[in-house]
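Some notes on the structure that comes next.
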Protein chains: 2
Amino acid sequence: MNSPQNNTKVYIGIVKQLRTMIEHDGLKPGDRLPSERELSERLGVGRSSVREALRALELLGLIETRRGEGTFMRDFRGHQLVQLLSTFILQDKKSIRDVKETKFLIELDCLWLIIQKASEDRLLRFKKWTLEADYTDDDFFLEIVTLADNHLFLRIWIILKDYYNSLDLEKMMITKQQYAELIDTLISRKDSEVVRVYRNLRKLSKN
Amino acid sequence: MNSPQNNTKVYIGIVKQLRTMIEHDGLKPGDRLPSERELSERLGVGRSSVREALRALELLGLIETRRGEGTFMRDFRGHQLVQLLSTFILQDKKSIRDVKETKFLIELDCLWLIIQKASEDRLLRFKKWTLEADYTDDDFFLEIVTLADNHLFLRIWIILKDYYNSLDLEKMMITKQQYAELIDTLISRKDSEVVRVYRNLRKLSKN
DNA sequence: TCGCTCACAGTGGTCAGACCAGTTTATTTT
DNA sequence: AAAATAAACTGGTCTGACCACTGTGAGCGA
């Protein structure tokens with residue numbers, strides 16, 4: 001499906017070559033990449049072009065550079081993307097509302113995922129933990145989102161959380177009782193009509 | 001201009017200054033940014049540093065450069081970020097499963113948002129459209145996600161959709177009847193217990 | 001006056017070289 | 001052997017140069 005990219009910029013090509021290089025050499029987080037000068041020579045391009053590619057990857061949080069040491073693979077998390085996406089894209093009031101809404105719905109999605117995926121026994125322990133755990137809002141939902149076992153939701157949620165906190169808004173203050181109530185409700189609805197339709201659609205989407 | 005602070009890289013500072021510049025001048029998608037050389041002079045930094053900042057923003061899909069013309073604000077969409085995030089981050093099978101799961105749940109979230117936000121009348125027209133519209137899967141859900149009026153969900157969904165399509169997987173084939181059934185169910189549950197708990201939590205999160 | 005050509009200025013794209021500021025490694029000195 | 005020093009890296013930045021491309025306007029001809 002690759003279109004004939006006639007006007008492909010050099011740094012984009014470098015990014016792609018880096019990607020295959022990383023895959024081929026099996027580079028993992030923490031591993032070191034070749035130096036800028038070596039890449040420049042090996043790929044037959046100028047060092048500035050290499051740098052443009054690296055800076056882009058750095059901003060995306062995929063690599064990390066340390067002066068005097070080198071360039072390293074990074075354990076991708078939200079990172080810089082957070083500040084940029086947030087400060088650039090999320091400026092008006094409506095956007096802030098969208099963030100709240102999205103964060104909230106993702107948290108509920110994860111709660112739902114946990115309940116759908118967990119066994120009866122696991123579910124009881126989960127509910128018990130909900131009531132007993134000593135947590136702040138962030139920690140609580142971080143646990144929820146982690147338990148949902150969906151890395152993508154985790155990534156997105158962390159980004160939203162960081163942005164949300166940077167807004168210095170009033171925090172949600174929800175009691176443990178309310179959480180427990182929600183979980184109870186979701187559990188009791190585990191076989192409800194809505195969920196059944198959800199399930200059907202999901203089954204279909206599993207090719 | 002920039003006091004050479006220890007750890008702050010110049011191009012990061014430039015990105016931030018660009019951001020405030022865009023905000024201050026009220027630049028909108030399609031508007032032109034100052035040339036690289038002018039920015040270089042105005043900010044008191046080298047042109048290569050300016051370029052590193054611009055390339056990073058370009059990769060994020062925030063700006064667009066046209067040789068011979070200039071640099072322009074972009075109407076942000078998934079863009080390059082898609083291919084990069086996808087090829088770099090989403091490689092193993094579990095990640096693919098996460099993408100499907102996330103895409104699916106976001107679509108349901110948006111459906112839920114529409115139903116929650118819409119008036120009785122709007123809802124009827126929506127349901128009618130669901131049955132009558134001639135759409136592909138993508139178009140249908142694009143409409144759903146758009147109607148949900150949450151730009152963040154829209155952005156994320158487009159990214160996921162593009163990645164999903166690039167996988168060359170079997171498409172979901174769901175009938176209009178099934179869609180309608182789901183919508184009916186969601187509407188009928190609009191005031192159900194689950195939704196009420198959702199609402200309560202949401203109210204609390206509205207500080 | 002109108003319409004066309006064409007040179008020119010401006011813009012992004014790229015490169016090479018230079019220097020700075022750190023880190024690591026090898027070498028010398030103690 | 002240990003410590004101090006020097007050399008050889010690394011990324012960070014700036015400058016100047018050249019290319020390819022675009023828009024403009026001066027100048028020419030009709």
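None of these values were measured; they are calculated from a predicted model. Letters go in sequence order (proteins before strands), and every chain restarts at 1.
Here the nucleotide nearest the side chain of S48(B), chosen from dG12(D), dC14(D), dG13(C), is dC14(D). Of the candidate nucleotides dG13(C), dG11(D), dC15(C), dG11(D) has the atom nearest to the side chain of R51(A). The side chain of S49(A) lies closest to dT14(C), out of dT13(D), dG11(D), dT14(C).
Contact annotation: R55(B) reaches the phosphate of dG13(C) (side-chain N/O to OP1 or OP2, under 4.0 Å). In this model, the phosphate group of dG12(C) is approached by a side-chain N or O of T71(B) to a distance below 4.0 Å at OP1 or OP2.
For R125(A), the side chain to side chain donor-acceptor pair (under 3.5 Å) criterion is met by D121(A), not counting sequence neighbours. Checked against side chain to side chain contact (heavy atoms under 4.5 Å, CB included), S40(A) has the following partners two or more places apart in sequence or in another chain: R47(A), V50(A). Every residue was checked against the salt bridge (Lys or Arg N to Asp or Glu O under 4.0 Å) condition with R37(A), not counting sequence neighbours, and none meets it. With sequence neighbours excluded, the residues forming a side chain to side chain donor-acceptor pair (under 3.5 Å) with N150(B) are E101(A), T102(A), listed by chain and number. For R51(A), the side chain to side chain donor-acceptor pair (under 3.5 Å) partners are E36(A), E52(B), not counting sequence neighbours. Scanning for salt bridge (Lys or Arg N to Asp or Glu O under 4.0 Å) contacts around E38(A) gives R42(A), with sequence neighbours left out. Every residue meeting the salt bridge (Lys or Arg N to Asp or Glu O under 4.0 Å) condition with D149(A), not counting sequence neighbours, appears here in chain and number order: K94(B), R97(B).
Going from atom CZ of R67(B) over to atom P of dA20(D) covers 8 Å, rounded to whole Å. Per the geometry, CD belonging to E64(B) stands 14 Å off P belonging to dT22(D), to the nearest Å. Atom CD in E69(A) sits about 14 Å away from atom C1' in dT25(C), given to the nearest Å. I12(A) places its CD1 atom 11 Å from the P atom of dG13(C), with the value rounded to the nearest Å. Atom CD1 in I63(B) sits roughly 15 Å away from atom P in dT11(C) (whole-Å rounding). For the pair R47(B) CZ and dG16(D) P, the interatomic distance rounds to 13 Å; values are reported in whole Å. One atom, CD of E52(A), and another, C1' of dG12(D), lie 14 Å apart when rounded to the nearest Å. Taking atom CG of L57(A) as the reference point, atom P of dG11(D) lies 14 Å away to the nearest angstrom.
Among the atoms of the strands shown, base atoms are found under 4.0 Å from some heavy atom of G68(A).
Between the CG atom in L54(A) and the CD1 atom in I14(A) there is a gap of 8.0 Å [rounded to 0.5 Å]. Rounding to the nearest 0.5 Å places CD of E41(B) at 9.0 Å from OG of S35(B).
If one axis is set at each end of the helix from dT1(C)-dA30(D) to dT30(C)-dA1(D) from five pairs, those axes are 30° apart, to 10°.
For DNA chain D, the residues of residues 32-44 of chain A within the heavy-atom distance limit of 4.0 Å (strictly under) are R32(A), S35(A), E36(A), R37(A), sorted by number.
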